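See structure below.
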Amino acid sequence: QAFCDGAVQPAVHPLPAGESAQGGRPMAELGLFAELPEVQVDRIIYTDGSCLRNPAGPGGYAAVILQGETVLRELYGSEPSTTNNRMEMMAAIRALESLAQPMRVMLYTDSRYLLNGFAKNWVAGWKRRNWVTSQGTPVLNPELWRRLDELVHEHTVIWRWLKGHRGTKYNERCDELAKRAAEKQI
């Protein structure tokens, strides 16, 4: 299941020490859903993607997975020729794939492309139209959207957008790891 803040029942979830939902604008400011400041989750995931020469340049992706305030793992990888959007998606895919069992997850991303796939129900519409956009063009990255859709149905994902490069600790760490991974492709 995928939710964007307002679609879940409020519970208690303290954000990591020194962190707050400040990292990005509340969903209400995005015009999507009213923000619920605290939600109970099993894992918190921060993701980021990077492409050094977008499109078709070397790219990297990274995720930091936390349980409460404890960092459980950092994941990262790269591709020699890709796009920033693909790397944003790969970060979320690899993070969700790394979970050993179905979990309730809060996933932070600075990618509106990734967020809107679920927050604005793009994926549901694309599936109804056999992976064609509302403008009649083929969906970009359909294999990644399909995999994300599978993972979102395996886990309960609460999507949260945050503005990148604003000093949010784990988003900055993901950015650093993704860039480092991309540079290894040069």
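Values in this document were obtained by computation on a predicted structure and should not be read as measured data.
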>> Show, in sequence, the C-alpha distance, side-chain angles and deciding distance for Y113 and N141, and conclude whether the side chain to side chain donor-acceptor pair (under 3.5 Å) test is met.
In response: CA-CA 11 Å; Y113 178 68; N141 309 307; 3.0 Å; yes
> After noting the C-alpha distance and the side-chain angles of R146 and E143, does the key distance pass the salt bridge (charged side-chain N to carboxylate O under 4.0 Å, His left out) rule?
Replying inline: CA-CA 5 Å; R146 283 184 184 102; E143 74 287 359; 6.0 Å; no
> Going through the distances and angles, do R180 and E176 end up as a salt bridge (charged side-chain N to carboxylate O under 4.0 Å, His left out)?
Replying inline: CA-CA 6 Å; R180 190 181 310 158; E176 174 188 340; 2.6 Å; yes
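The hydrophobic clustering, which links ILVMFWY residues whose side-chain heavy atoms are closer than 4.5 Å, places V132 and L148 apart. Y170 is not connected to Y76 by any chain of hydrophobic side-chain contacts under 4.5 Å among Ile, Leu, Val, Met, Phe, Trp and Tyr, and they are in different clusters.
At least one side-chain heavy atom of S134 sits under 4.5 Å from a side-chain heavy atom of R129. Looking at heavy atoms from C-beta onward, I65 lies in side-chain contact with L75 at the 4.5 angstrom threshold. No side-chain heavy atom of M87 sits less than 4.5 Å from a side-chain heavy atom of S50. Two residues are said to be in side-chain contact when any heavy atoms from C-beta on lie closer than 4.5 Å; Y108 and I44 meet this criterion. For the pair I93/L144, a side-chain contact is recorded, criterion being any heavy-atom separation below 4.5 Å from C-beta on. Contact check for V123 versus F118: side-chain heavy atoms found under the 4.5 Å cut-off. Looking only at side-chain heavy atoms (C-beta outward), T47 and L107 come within less than 4.5 Å of each other. Taking the side chain as every heavy atom from C-beta outward, Q67 and D42 never approach each other to under 4.5 Å.
Of the possible donor and acceptor atoms, none in the side chain of T70 sits under 3.5 Å from a partner among the backbone N and O of L72. Of the possible polar contacts, none joining the T82 side chain to the R86 backbone as a donor-acceptor pair under 3.5 Å is found.
Below 30°, between 30° and 60°, or above 60°: for W126 and W145 the angle between ring planes is above 60°, a perpendicular geometry.
The residues R112 and E88 are annotated as not salt-bridged, no charged nitrogen and carboxylate oxygen being separated by less than 4.0 angstrom. For the pair K163 and D110, the salt-bridge criterion is not met [side-chain N within less than 4.0 Å of a carboxylate O]. A salt bridge links E97 with R94: the closest approach of a Lys/Arg side-chain nitrogen to an acidic carboxylate oxygen falls below 4.0 angstrom.
Minimum heavy-atom separation, A62 to A91: O-CB, 3.3 Å. The shortest heavy-atom contact between M103 and L99 is SD-CD2, 4.2 Å.
A distance of 9.5 Å separates CD in Q40 from CD1 in I158, rounded to the nearest 0.5 Å.
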